[in-house]
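Heads up: the structure comes next, in structure tokens.
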2 protein chains.
Amino acid sequence: MNREQDPGLDSVDRHILAELQADGRMTNVELARRVNLSAPPCLRRVRRLEEAGIIRGYHADIDPVSLGWEVTFFALVGLESQKQAVLDAFEALASSWPEVRECHMIRGGGDFLLRLVARDTAHENELTARLTNAPAVLRVQTLQTIRTAKDEAGVPVA
Amino acid sequence: MNREQDPGLDSVDRHILAELQADGRMTNVELARRVNLSAPPCLRRVRRLEEAGIIRGYHADIDPVSLGWEVTFFALVGLESQKQAVLDAFEALASSWPEVRECHMIRGGGDFLLRLVARDTAHENELTARLTNAPAVLRVQTLQTIRTAKDEAGVPVA
DNA sequence: GCTGAAAAGCATCGCCT
DNA sequence: AGGCGATGCTTTTCAGC
């Protein structure tokens, strides 16, 4: 669907990506004005970027606390085996929990980094316990965020 | 700007949040149809959610690889002091790097979890070295993502 | 707080450069 | 490839329930 480092990505495309990353609900007319194009070719470029899989979607960024998710934390989970079946099973289990927002397998074998949300500290403890007691889990290290200095969703478009 | 667990957030509001989290560029008419409202009150609700800070923004989700960011990794950084001035200085330094996308201070003193992007493995090594050599840094543990099973930007709207 | 109509603005198409 | 003009929607406001 998308090639590595697409050659047909000029400075106008990158400008479009930067603008839509900053404000994904901008109208096409406003976007066109900012990148010095008229509306139709601007829209054609956006559609092309979407169809090439370079723009994967658009999402509202919602304040977790407003929805009752008071705690965000990370967990480093170590498994007792590196067998593919064990890794897959843990991955499937973790991914099935709505509180698990990210699940990354870490190089070096048998470790996962998760990002989770919890309603409160008790809920966080419960989630940690559920992780600890999950099949093949050896240890769980929770990394509790006390302050977030920077949290930018995307990537530099330099 | 936003209160904890806003009481004036009914099921229609939550439905709106879920829809815009899934597709932030949906037209207001389509959104209204999905939440069984006509367009004007739907738009008023969206504006209210934006002004209350519950919707913090809208962002295009861009494929990092298409822009040349081949490597995404995390770094656990331990500092040699927990003095506020030292923590603040590290936070300011890390946040100033465009490759650092997230910078979280971790409970327990003197630790930070960063999420970074790099153009390639050499660039990743260079960033790790820059972290290691930064003032007051005691150790850097890189957590290299080899597979991401789940990566949902938002929060459960249940 | 919703509906419905109406004005203004936008998305999108076909054609031309 | 980008621009122009036309058409049909969408957004947004406003009066009235």
Side-chain angles (χ1 to χ4, degrees), chain A residues 1-63 66-68 153-154 157-158, chain B residues 1-63 65-68 154 157-158:
Chain A
M1 197 191 234
N2 57 41
R3 358 191 177 345
E4 327 267 301
Q5 187 62 314
D6 203 310
L9 208 61
D10 64 14
S11 71
V12 178
D13 287 327
R14 274 195 280 274
H15 195 169
I16 287 173
L17 292 173
E19 294 290 346
L20 287 179
Q21 185 170 260
D23 178 5
R25 225 174 147 72
M26 187 183 300
T27 66
N28 181 60
V29 168
E30 171 66 10
L31 179 61
R33 195 188 60 73
R34 293 193 188 206
V35 304
N36 298 310
L37 234 51
S38 58
C42 183
L43 186 62
R44 265 179 265 141
R45 279 171 180 265
V46 172
R47 291 284 177 267
R48 194 172 56 72
L49 292 166
E50 288 168 353
E51 274 150 33
I54 295 169
I55 296 176
R56 296 187 293 202
Y58 304 89
H59 305 287
D61 170 18
I62 295 167
D63 173 42
S66 299
L67 277 167
V157 184
Chain B
M1 197 192 236
N2 58 42
R3 359 195 177 340
E4 327 267 301
Q5 188 61 315
D6 204 309
L9 208 61
D10 64 14
S11 70
V12 177
D13 286 326
R14 274 195 283 273
H15 195 170
I16 287 173
L17 292 173
E19 294 290 347
L20 288 178
Q21 185 170 261
D23 178 6
R25 227 176 145 73
M26 186 182 301
T27 66
N28 182 59
V29 168
E30 172 65 12
L31 180 61
R33 195 188 61 72
R34 293 192 187 207
V35 304
N36 299 309
L37 235 51
S38 57
C42 184
L43 186 63
R44 260 179 277 135
R45 280 169 180 265
V46 171
R47 292 284 177 268
R48 194 173 56 72
L49 292 167
E50 289 167 354
E51 273 150 36
I54 296 168
I55 296 176
R56 296 188 291 202
Y58 303 88
H59 306 287
D61 170 20
I62 295 167
D63 173 41
V65 173
S66 299
L67 277 167
V157 184

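Here is the naming used below: chain letters follow the sequence lines, and residue numbers restart at 1 for every chain. Please read all numbers here as calculations on a predicted model, not as lab measurements.
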Nearest-angstrom distance from the residue atom CZ of B:Arg33 to C1' of D:dT11: 18 Å
DNA chain D contacts among residues 18-29 of chain A, heavy-atom distance under 4.0 Å: none
Nearest-angstrom distance from the residue atom CD of A:Glu50 to P of C:dA11: 12 Å
Distance, rounded to the nearest Å, where B:Leu43 contributes CG and D:dT13 contributes P: 7 Å
Matching residue for B:Leu17 among B:Val12, B:Val46, B:Ile55 - test: side chain to side chain contact (heavy atoms under 4.5 Å, CB included): B:Ile55
Side-chain donor or acceptor of A:Arg34 paired with backbone N/O of A:Val29 under 3.5 Å: no
Lys/Arg-Asp/Glu bridge criterion (N-O < 4.0 Å) met for A:Glu51, A:Arg47: no
N/O donor-acceptor pair under 3.5 Å between A:His59 side chain and B:Gly24 backbone: no
Audit row: B:Tyr58, B:Glu50, side-chain hydrogen bond (donor to acceptor under 3.5 Å, both in side chains) steps and yes/no: CA-CA 10 Å; B:Tyr58 303 88; B:Glu50 289 167 354; 2.6 Å; yes
Length of the line joining B:Asn36:CG and C:dT3:C1', which is rounded to integer Å: 15 Å
Nearest-angstrom distance from the residue atom CZ of A:Arg44 to P of D:dA1: 7 Å
Value in whole Å for how far the P atom of D:dA1 lies from CG of A:Leu37: 11 Å
Any A:Ser38 side-chain nitrogen or oxygen under 4.0 Å from OP1 or OP2 of D:dG2: no
Short side-chain N/O contact from A:Arg45 to OP1 or OP2 of D:dG2, under 4.0 Å: yes
C:dT12 OP1/OP2 closer than 4.0 Å to side-chain N/O of A:Arg47: yes
From C:dA11, D:dG2, C:dC2, nucleotide with atom closest to A:Pro41 side chain: D:dG2
Pairing of A:Asp10 and A:Arg45 as salt bridge, 4.0 angstrom limit: yes
